[in-house]
Amino acid sequence: MKIEVDLVPKDERKEKPSNVLDVPFGTVFSDHMFSMRHDGEKWRDARIHPYGPISLSPAALCLHYGQAIFEGMKAYRRGERVLLFRPEMNFKRFNVSADRMVMPNIEVEVALHSLMELLKLESDWVPQVPGSSLYIRPTMIATEPKLGVRPSQEYLYYVILSPVGPYFKEGFSPVKIYVSDRYVRAVRGGTGAAKASGNYAASLLAGTDATKVGYSQVLWLDALERKWIEEVGTMNLFVRFDDEVATPPLSGSILPGITRDSVLTLINDYGLTAKERMISIDEIIEGLSSGKVREIFGCGTAAIIAPVGSLWYKDTAYEVSNGRTGELTRRLFDDLVGIQSGEREDPHDWIVQVE
Ligand SMILES: *Cc1c(COP(=O)(O)O)cnc(C)c1O
């Protein structure tokens with residue numbers, strides 16, 4: 001596939017943030033983006049061009065019926081080198097999301113190659129400071145102008161880049177999680193396992209409930225019984241009960257996280273038992289009072305590993321690990337960050353170098 005390149009003149013390029021750790025997540029973008037269009041038959045017009053507004057018909061299907069998907073991944077700097085973490089998994093998942101939303105696939109090699117070309121050009125935007133990275137947002141939207149409800153025949157795919165520090169303003173310190181028993185995120189057979197834009201629109205209202213009591217993130221329960229934990233806003237969840245570490249199974253209503261998969265592998269490497277099993281909110285609440293629940297943490301590309309310091313459930317606040325970061329949580333964070341930044345050994349060949 002040939003990529004046309006239209007560069008911003010050197011003296012018109014943006015100034016990079018002086019301290020990326022102070023930049024709110026996802027608010028600054030690099031000079032260039034990648035895009036291509038699907039005309040109903042095939043992908044065409046692959047281009048790297050200046051970052052900027054896109055033009056859409058007000059009747060574009062994505063705006064009315066939400067046919068839109070995205071991915072989230074990061075590039076890390078190691079000296080002169082730029083590293084990606086399991087990028088082919090993101091592009092495979094992108095196609096799974098596309099299938100669910102009746103959108104065209106992009107060959108994993110094509111997606112990866114175009115990302116590499118963009119990153120080579122924008123490598124100065126991959127920040128150096130520990131804890132920082134260049135966040136990558138591949139996106140696909142339905143662009144056909146049409147008010148009839150049916151799959152679009154035209155699509156736009158694009159990739160934008162944003163230098164970021166830690167996802168939570170607290171950095172690597174315990175986050176507070178609000179268990180929603182009023183709203184649900186996804187049901188089996190729905191779109192919960194796809195990274196589909198509408199899932200996040202549907203989650204916002206529960207977030208406002210959480211904010212009212214001073215909590216930032218929502219933990220979702222299953223839609224039918226409102227009993228089994230599913231996942232957090234943008235993270236999968238793990239609970240350590242004494243020496244068993246458990247996470248909900250991929251039942252179809254939760255997002256199959258790449259960080260989740262990596263954490264399961266690392267826990268096995270440590271010689272601990274990692275189980276994918278149903279976990280009820282009651283088991284967690286009981287375990288918190290008996291001391292059986294030793295640690296809870298979330299995991300996802302944006303936050304990497306986020307220790308949970310407290311839970312809010314049915315008007316009661318519960319403290320987790322005395323509000324501190326547990327030892328397994330810390331170890332997983334250090335190992336994952338170490339592997340992603342190229343500082344630690346990479347026994348599972350997760351790292352792909354941009355070249
Ligand atoms: C992206 C996402 C995750 C985490 O997936 P990773 O591949 O680890 O980044 C978890 N849950 C939801 C709802 C997500 O959107």
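In listed order, ligands and their atoms are each counted from 1.
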Visitor: Students often mix this up, so state it plainly: with edges at 30° and 60°, are the rings of His38 and Trp43 parallel, tilted or perpendicular?
Guide: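 It falls in the perpendicular class, over 60°.
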Visitor: Which is closest to atom 5 (O) of ligand 1 in terms of heavy atoms, Ala302, Ala186, Ser97, Gly257?
Guide: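 Nearest option to atom 5 (O) of ligand 1, by heavy atoms: Gly257.
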Visitor: Of the backbone atoms (N, CA, C, O) and the side-chain heavy atoms from C-beta on, which set of Arg185 has a member under 4.0 Å from an atom of ligand 1: side chain, backbone, both, or neither?
Guide: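 Only the side chain of Arg185 comes within reach of ligand 1.
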Visitor: So which protein heavy atom does atom 9 (O) of ligand 1 come closest to, and at what separation?
Guide: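 Checked against all protein heavy atoms, atom 9 (O) of ligand 1 sits closest to Thr301 OG1, 2.6 Å.
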Visitor: Do the ring planes of Phe238 and Phe297 sit parallel (below 30°), tilted (30 to 60°) or perpendicular (above 60°)?
Guide: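 The rings of Phe238 and Phe297 lie parallel, inter-plane angle below 30°.
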Visitor: What atoms of ligand 1 come closer than 4.0 angstrom to any heavy atom of Lys195?
Guide: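 Checking each atom against Lys195, I get 1 (C), 2 (C), 3 (C), 14 (C), 15 (O).
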Visitor: Relative to the heavy atoms of Glu231, which atoms of ligand 1 are at a distance of less than 4.0 Å?
Guide: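 In order of number, 10 (C), 11 (N), 12 (C), 13 (C).
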Visitor: Can you get from Met73 to Val337 by hopping between Ile, Leu, Val, Met, Phe, Trp and Tyr side chains that sit under 4.5 Å apart?
Guide: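 Per the 4.5 Å side-chain linkage, Met73 and Val337 are not co-clustered.
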Visitor: Got an N/O contact under 3.5 Å between Tyr200 and ligand 1?
Guide: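 Yes, there is a polar N/O contact under 3.5 Å.
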Visitor: Check contact between Glu71 and ligand 1, using heavy atoms of the residue and a distance below 4.0 angstrom.
Guide: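 False for this residue.
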Visitor: Please work out, at 4.0 Å between heavy atoms, whether the side chain, the backbone, both, or neither of Met73 comes within that distance of ligand 1.
Guide: neither
Visitor: Report the member of Thr259, Thr234, Asn90 with the shortest heavy-atom distance to atom 4 (C) of ligand 1.
Guide: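 Heavy atom nearest to atom 4 (C) of ligand 1 belongs to Thr234.
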Visitor: State whether the shortest distance between N or O atoms of Arg260 and N or O atoms of ligand 1 falls below 3.5 angstrom.
Guide: no
Visitor: I'd like to know if the side chain of Ser162 and the backbone of Val28 have a donor-acceptor N/O pair within less than 3.5 Å.
Guide: yes
Visitor: Hey, is Gly233 one of the residues with a heavy atom under 4.0 angstrom from ligand 1?
Guide: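 Yes; Gly233 lies near enough to ligand 1 that a heavy-atom distance drops under 4.0 Å.
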Visitor: With side chain to side chain contact (heavy atoms under 4.5 Å, CB included) as the test, pick out the partner of Met140 among Leu156, Ile69, Asn105.
Guide: Ile69
Visitor: Is it true that the side chains of Ser152 and Gln67 contain a donor and an acceptor less than 3.5 Å apart?
Guide: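 No, because no side-chain N or O of Ser152 sits under 3.5 Å from a partner of the opposite role on Gln67.
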Visitor: In terms of atom number and element, which parts of ligand 1 are under 4.0 angstrom from non-hydrogen atoms of Ile258?
Guide: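 Listed by number with element, the hits are 6 (P), 7 (O), 8 (O).
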Visitor: With no hydrogens and no angle check, do the side chains of Asp335 and Tyr270 hold a donor and an acceptor under 3.5 Å apart?
Guide: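 Yes, because at least one side-chain N or O of Asp335 sits under 3.5 Å from a partner of the opposite role on Tyr270.
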Visitor: Could you go step by step and tell me if Glu244 and Arg277 meet the side-chain contact (heavy atoms from CB on, under 4.5 Å) rule?
Guide: CA-CA 11 Å; Glu244 180 215 334; Arg277 68 162 175 88; 2.8 Å; yes
Visitor: May I ask whether Arg93 places a heavy atom under 4.0 Å from ligand 1?
Guide: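 Right, Arg93 reaches ligand 1.
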Visitor: I would like to know whether Val187 and Ser253 meet side-chain contact (heavy atoms from CB on, under 4.5 Å); could you show each step before the answer?
Guide: CA-CA 5 Å; Val187 326; Ser253 55; 5.8 Å; no
Visitor: Compute the shortest N/O to N/O distance between Asn236 and ligand 1 and return yes if it is under 3.5 Å, no if not.
Guide: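 No; the residue has no nitrogen or oxygen that sits under 3.5 Å from a nitrogen or oxygen of the ligand.
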